[in-house]
Amino acid sequence: MYYLSTRNKQLQFTPAQAIAQGLSREGGLFVPQQIPTLPEGALEELKDLNYQQRAAYVMGVYLDGFSQEELLSYAEKAYSDDKFDAPEVAPVRKLDENTYCLELWHGPTCAFKDMALQMLPHLLSASLKKNEETRTACILVATSGDTGKGALEGFKDVDQTRIMVFYPKDGVSEIQELQMRTQEGSNVGVCSVVGNFDDAQTGVKRLFSDEQLRETLNERGYFFSSANSINWGRVLPQIVYYISAYVDLVKQGAVSMGDAVNICVPTGNFGNILAAYYAKLMGLPIGKLICASNSNNVLTQFLTTGIYDRNRPFYNTVSPSMDILISSNLERLLYAMSGEDAELVSDYMNQLNTVGRYEVNDELKEKISACFAAGYTDEAQTKDTIRAHWEKHGYLMDTHTAVGVHVREQYRAATGDSTVTIVASTASPFKFCDTVLESIGETDLPAGIALLDRLSEVTHVPTPAPLEKLKNKRPRFDLCVEKEQLSDVVLDFLN
Ligand SMILES: *Cc1c(COP(=O)(O)O)cnc(C)c1O
């Protein structure tokens, strides 16, 4: 199976080329030529496998040129029990009668990004070998917090790679910042950018399209690659856990094989929910996909009206990993739903670039509303949700998960649809201690790392080991620059 660009279907790429390159030259995203369907009986078969085997099976359907043995060995390394503190890797926990949290944060950085970023380095290293690439991949990351740490942890000391992470100075939590600034490894760099996530992302996109920089680095033996959620190697491992969660629900007797479930995803760059959409196209019985946003509700508007408009105020919220106004992976959805119309997609993306707005045609609107529901929460609702579920069910959730849980409740109240729903739980509550503590009624909060102990004392939930270890670490990185200066930082880093 070949991969094409969402903006130009003429060029074909092997999976290894698509993964190594990350982003197509003309700005499009790589997509498989067609989305494969699961063979008859596949879900029955997957039900009796462990997570690592499920991952190898599902990824194998998309990756010609990668053997099952090879993929299984990557999955065993990526999701080993010294990296994940839950034997199921991505366990499904019952929240109430019809709601289940799919906990995606049991990995080394306590956020769902680990699910993909522990796998991507294996896929990328293998791809470089398959492509007979001799240069070193320089991975550039713009992060709203969790991707940066996830990518650093995944790529640290991986051969033939260097990784440079840019995060918005005013857009990450204290714990997130500390996690990045203390990163270990000989091939890593970390730098903050004045502004918000979109500033950091715009700066990094500019680096990717800077031909002169590309040439200079080529002479030094480097090429750019991306670990952002636009890389196909990020999307693919995320498809796995929706399929895995479904067969786990069947195993637990919560649904019968073939019953539809809804999936609700707290969304930012549209990568996670896109993976659920692909799982649906593959034949996983999914009813509605519910897209949950915070006050940066550009996607709520888009999915309910067909109008994408980034000309709106930007809010820094208590769910910072979703503070995004340009959801890059939406491009892949438009491509799939428009019948793979690369010209139409290019046109919309062009409008987004130039005037910051586009409106999709009626046919697309109809297809979108048949498949998606959408909603958003304000800060008070997010905090109330954390408190209510802690008090009622003794279930402690982070701010992003709370956005998902609340939008799922709104959706049920508005539609009466009580289909069993999987809510993607995207971070450990310990990554956002201050808001979680406030939500459950704590006052006089300590600063910084002492928050971890307070949350653990009050809730009797143990602090995840990787965060506990932060206490003994010193920051290694303290560079902060304007978004126009990123190329200097990169040239310095790769000197
Ligand atoms: C990245 C992130 C999200 C948003 O996921 P997307 O794939 O960008 O939509 C939600 N919650 C947390 C905790 C995250 O780190």
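Throughout, residue positions are numbered sequentially from 1 according to the sequence presented. On a predicted model such as this, the values are computed, not experimentally measured, just so you know. Order of appearance sets the numbers: ligands from 1, and atoms from 1 within every ligand.
Between Y308 and Y358, the angle of the ring planes stays under 30°, which puts this pair in the parallel group of the 30/60° scheme. Ring orientation note: the planes of F372 and F270 are tilted relative to one another, at an angle of 30° to 60°.
When the side-chain contact (heavy atoms from CB on, under 4.5 Å) test is applied to K383, the partners found at least two apart in sequence or on another chain are V318, T435, E438, S439. Take N353 and apply the side-chain contact (heavy atoms from CB on, under 4.5 Å) test, not counting sequence neighbours, and it matches no residue. Considering only residues two or more places apart in sequence or on other chains, S24 meets the side-chain contact (heavy atoms from CB on, under 4.5 Å) condition with S5, E26, F30.
Note on E184 versus K156: no salt bridge recorded, every NZ/NE/NH1/NH2 to OD/OE distance being 4.0 Å or above.
Closer than 4.0 angstrom to ligand 1 lie heavy atoms from F112, K113, D146, P266, T267, G268, N269, F270, G271, N272, S321, M322, H400, T426, A427.
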